[in-house]
Amino acid sequence: MCQLKAEAHKYPEKAYQHAWCSTQGGIEEFKNKDYTRIDCLTKTHAVEFDFAHKWAESIGQALYYGLMSGKRAKVVLILENPQKQMIYYDRVKRLSNVYDFDVEYTTTTILER
């Protein structure tokens, strides 16, 4: 049986989520009627956070959470190495223009202030 090694990150996803969501006045881990959880629910957006390599998964989750909440879907991609990982943000940004959702990225600087 082959096991994949988990990718090490400088900080956990929840740390980025908490730092960003608290500046937006959002609700962290908002529970939907079907028991799925939105990473951050703001007055206007259902926000999904994911690390850069999970860019594709983040889109589906954000769109679903937008549908469930009636808010606009948004992806916040976590780039711990922006020079190498900007390619993933560019992919999500390109798709956001076609499928009408919002996207931004955050880096370790949000936690290192």
Side-chain angles (χ1 to χ4, degrees):
M1 176 188 225
C2 178
Q3 292 199 359
L4 298 175
K5 184 178 176 184
E7 188 171 331
H9 296 288
K10 190 166 185 177
Y11 300 102
E13 180 182 318
K14 289 219 181 282
Y16 295 97
Q17 175 186 329
H18 175 72
W20 188 94
C21 195
S22 63
T23 67
Q24 304 297 312
I27 301 167
E28 293 178 54
E29 297 294 325
F30 180 86
K31 188 164 60 172
N32 291 312
K33 289 178 184 178
D34 67 352
Y35 301 103
T36 57
R37 292 184 181 268
I38 300 170
D39 288 342
C40 181
L41 186 68
T42 71
K43 289 180 182 179
T44 57
H45 287 86
V47 185
E48 172 62 18
F49 286 76
D50 255 320
F51 288 103
H53 71 282
K54 293 173 69 180
W55 66 273
E57 181 179 329
S58 69
I59 296 167
Q61 285 183 268
L63 291 172
Y64 182 71
Y65 298 152
L67 177 69
M68 290 298 296
S69 67
K71 309 278 183 169
R72 187 159 172 81
K74 183 170 192 165
V75 170
V76 176
L77 212 57
I78 303 165
L79 307 182
E80 291 188 316
N81 186 343
Q83 289 181 332
K84 289 185 177 179
Q85 296 174 329
M86 191 57 73
I87 186 171
Y88 300 114
Y89 171 77
D90 292 341
R91 290 175 185 175
V92 179
K93 181 66 179 168
R94 187 172 177 194
L95 288 167
S96 75
N97 293 326
V98 175
Y99 295 103
D100 194 30
F101 63 92
D102 293 332
V103 61
E104 66 178 72
Y105 67 87
T106 191
T107 67
T108 57
T109 57
I110 196 170
L111 302 173
E112 297 170 346
R113 298 180 192 174

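Quick caveat, the model's predicted, so the values are computed rather than measured.
Counting heavy atoms of neighbouring residues, nucleotides and ligands inside a 6.0 Å radius, atom CD of E112 exceeds 12 of them.
The closest donor-acceptor contact from the side chain of N32 to the backbone of D34 lies at 3.5 Å or more, if one exists at all. Between the side chain of E80 and the backbone N or O of A52 there is no donor-acceptor pair closer than 3.5 Å.
Taken from NZ in K33 to CE in M68, the straight-line distance is 7.5 Å, to the nearest 0.5 Å. Taking NZ of K10 as the reference point, atom CG of L111 lies at 9.5 Å (rounded to 0.5 Å). Here OG1 of T108 is found 13.0 Å from NE2 of H9. Values are rounded to the nearest 0.5 Å. A distance of 10.0 Å separates CD in E104 from NZ in K93, rounded to the nearest 0.5 Å. Note: Y11 OH to I78 CD1 = 12.5 Å, rounded to the nearest 0.5 Å.
A single hydrophobic cluster is not seen to contain both L67 and I27; linkage of ILVMFWY side chains at heavy-atom distances under 4.5 Å, directly or through other members, places them apart. A single hydrophobic cluster is seen to contain both F51 and W20, as judged by linkage of ILVMFWY side chains at heavy-atom distances under 4.5 Å, directly or through other members.
Apart from Y105 itself, the hydrophobic cluster it occupies contains W55, I59, L63, V75, L77, L79, M86, I87, Y88, Y89, V92, L95, V98, Y99, F101, V103, where clustering links Ile, Leu, Val, Met, Phe, Trp and Tyr at side-chain heavy-atom distances under 4.5 Å.
Between A46 and S69, the shortest heavy-atom distance links the atoms CB-OG, 3.5 Å. Smallest separation of non-hydrogen atoms from E28 and C21: CG-SG, 3.6 Å.
Residues passing the side-chain hydrogen bond (donor to acceptor under 3.5 Å, both in side chains) test with Q17, sequence neighbours excluded: E29. Scanning for ring-ring contact (aromatic ring centres under 6.0 Å, His included) contacts around Y65 gives an empty result, with sequence neighbours left out.
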Margin query: If you apply the rule side-chain contact (heavy atoms from CB on, under 4.5 Å), what do you find for K71 with F30, and how did you get there?
Written below: CA-CA 13 Å; K71 309 278 183 169; F30 180 86; over 6 Å; no
Next item on the list: Take Q61 and D50 through the test side-chain contact (heavy atoms from CB on, under 4.5 Å) and record every step on the way to the result.
Entry: CA-CA 10 Å; Q61 285 183 268; D50 255 320; 3.6 Å; yes
